[in-house]
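Read the structure below first, then the notes.
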Amino acid sequence: MRLIVATKNKKKLQEIKDILKGLKLQISSLADYPRAPRIVENGKTFKENAAKKAVKTAAVMNALVLGEDSGLSIDALGGAPGVYSARFSGKAKSDLQNNLKVLRLLEGKPLPKRKAHYVCAVALADKDGLIGVVEGKCYGRIAFAQKGSHGFGYDPLFLIPGYGKTFGQLGEAIKHKMSHRFRALSKAQKIIQKYIEKQRAS
Ligand code: IMP
């Protein structure tokens, strides 16, 4: 079965492919469909944005579509950057500028005041509409400096206390067993499996 991931973010797509590899789906992304509709991410929650991406894309594609929306929530910043994670430092999306802004805003705060979590919402839809939306979270701390070059986005700052290292240092093998994306996709996998069984039976 085909699964279209409603994203153009290559790193996210690779993570999703890695985590869902057991399902043996033919996975592609919007990078393969340049004429797919551009979706404005104006929802107030990750779930709202994920559902919008999945439903709007599925309406014009004859396939099962996965919409994903994710971001970072920092306790000391009242949950910011939240749904604005990609463009926290301004319109031009820059991981480096976003990370530097986070470090600036948390300057002087000791580790216990640097609690944060990632959130990932995953929605599934087909041409008949929304099938389901699930969410996964991953808890950590914001490091005092960027460390490591694995992953993307805020990973060089996202410290996993049990390891004393950032996702940027830990690499994919560990990240993909505990990340917000892994947790959301584990739930989504069950929805996909049921969907496949239903399609086969009809
Ligand atoms: P989206 O494409 O609007 O969902 O943007 C999500 C943004 O949240 C990304 O650009 C990153 O800044 C951040 N983000 C989401 N997931 C991760 C992750 O796994 N690692 C690091 N940053 C992430």
Side-chain angles (χ1 to χ4, degrees), residues 4-20 29-31 36-57 65-74 77 79-106 114 116-123 133-143 146-160 163 165-186 188:
I4 298 171
V5 181
T7 186
K8 284 185 179 164
N9 181 328
K10 284 186 190 154
K11 296 237 171 167
K12 259 192 196 177
L13 177 70
Q14 194 49 52
E15 289 197 1
I16 293 170
K17 280 184 170 172
D18 275 0
I19 296 168
L20 290 182
S29 77
L30 292 186
R38 206 187 139 261
I39 292 138
V40 184
E41 289 179 38
N42 54 2
K44 288 196 178 67
T45 65
F46 295 106
K47 279 187 170 176
E48 230 179 283
N49 280 334
K52 189 174 178 192
K53 288 180 199 179
V55 171
K56 294 241 172 199
T57 307
V65 175
L66 186 153
E68 192 268 17
D69 198 54
S70 50
L72 179 70
S73 172
I74 301 173
L77 304 182
V83 287
Y84 305 105
S85 291
R87 47 211 146 108
F88 191 39
S89 59
K91 246 186 171 180
K93 294 182 183 178
S94 160
D95 289 344
L96 175 65
Q97 291 309 322
N98 288 343
N99 287 341
L100 293 176
K101 182 169 179 183
V102 166
L103 285 175
R104 237 181 4 254
L105 292 172
L106 294 185
R114 302 174 83 92
H117 61 276
Y118 276 134
V119 184
C120 172
V122 168
V133 194
V134 290
E135 204 167 70
K137 291 183 182 167
C138 176
Y139 290 84
R141 301 273 191 283
I142 300 300
Q146 300 186 71
K147 284 188 186 151
S149 55
H150 294 284
F152 66 98
Y154 298 95
D155 283 344
L157 282 185
F158 197 78
L159 197 61
I160 303 297
Y163 286 90
K165 287 187 175 167
T166 67
F167 268 156
Q169 292 170 295
L170 288 170
E172 285 71 28
I174 293 176
K175 181 179 179 188
H176 296 181
K177 285 199 185 91
M178 62 189 302
S179 75
H180 49 315
R181 197 159 289 107
F182 166 75
R183 290 174 209 256
L185 287 168
S186 300

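Atoms within a ligand are numbered from 1 in the order they appear, just like the ligands themselves.
- Given atom 16 (N) of ligand 1, the protein heavy atom at minimum distance is Arg181 NH2, 2.8 Å.
- Heavy-atom contacts of Asp155 reach the following atoms of ligand 1: 18 (C), 20 (N), 21 (C) (cutoff under 4.0 Å).
- Among all non-hydrogen protein atoms, the one lying nearest atom 15 (C) of ligand 1 is Ser70 OG, 3.2 Å.
- Ligand 1 does not have Leu72 within reach: every non-hydrogen atom of the residue lies 4.0 Å or more from it.
- Counting only non-hydrogen atoms, the option in Phe152, Phe88, Phe46 that gets closest to atom 23 (C) of ligand 1 is Phe152.
- Lys12 NZ: more than 12 foreign heavy atoms inside a 6.0 Å radius.
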Step-by-step side-chain contact (heavy atoms from CB on, under 4.5 Å) determination, Lys56 to Val65
CA-CA 9 Å; Lys56 294 241 172 199; Val65 175; over 6 Å; no

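- Protein heavy atom nearest atom 1 (P) of ligand 1, with residue, atom name and distance: Lys12 NZ, 3.2 Å.
- Between atom CD of residue Glu68 and atom CD of residue Glu15 there is a gap of 8.5 Å, rounded to the nearest 0.5 Å.
- Interface of Glu41 with ligand 1, defined as ligand atoms under 4.0 Å from a residue heavy atom, comprises 3 (O).
- Interface of Gly153 with ligand 1, defined as ligand atoms under 4.0 Å from a residue heavy atom, comprises 21 (C), 22 (N).
- Distances between N or O atoms of Asp95 and those of ligand 1 include no value under 3.5 Å.
- Not a single salt bridge (Lys or Arg N to Asp or Glu O under 4.0 Å) links Lys52 to another residue, sequence neighbours left out.
- Here is the list of ligand 1 atoms found below 4.0 Å of a heavy atom in His180: 16 (N), 17 (C), 18 (C), 19 (O).
- Leu72 places a side-chain heavy atom less than 4.5 Å from the side chain of Ile142.
- Taking Tyr154 as the reference, nothing meets the side chain to side chain donor-acceptor pair (under 3.5 Å) condition, with sequence neighbours excluded.
- Distance from atom 19 (O) of ligand 1 to its nearest protein heavy atom, with residue and atom name: Lys175 NZ, 2.7 Å.
- Relative to the ring axis of Phe88, Lys101 places its NZ or CZ within 45° and under 6.0 Å from the centre.
- Arg141 places no side-chain N or O within donor-acceptor distance of the main-chain N or O of Leu159, the cut-off being under 3.5 Å.
- Ring-centre distance between Phe182 and His176: not below the 6.0 Å cut-off.
- Considering Phe158, Phe167, Tyr154 only, the shortest heavy-atom separation from atom 12 (O) of ligand 1 involves Tyr154.
- Remark: minimum distance from atom 5 (O) of ligand 1 to any protein heavy atom is reached at Ala86 CB, 3.6 Å.
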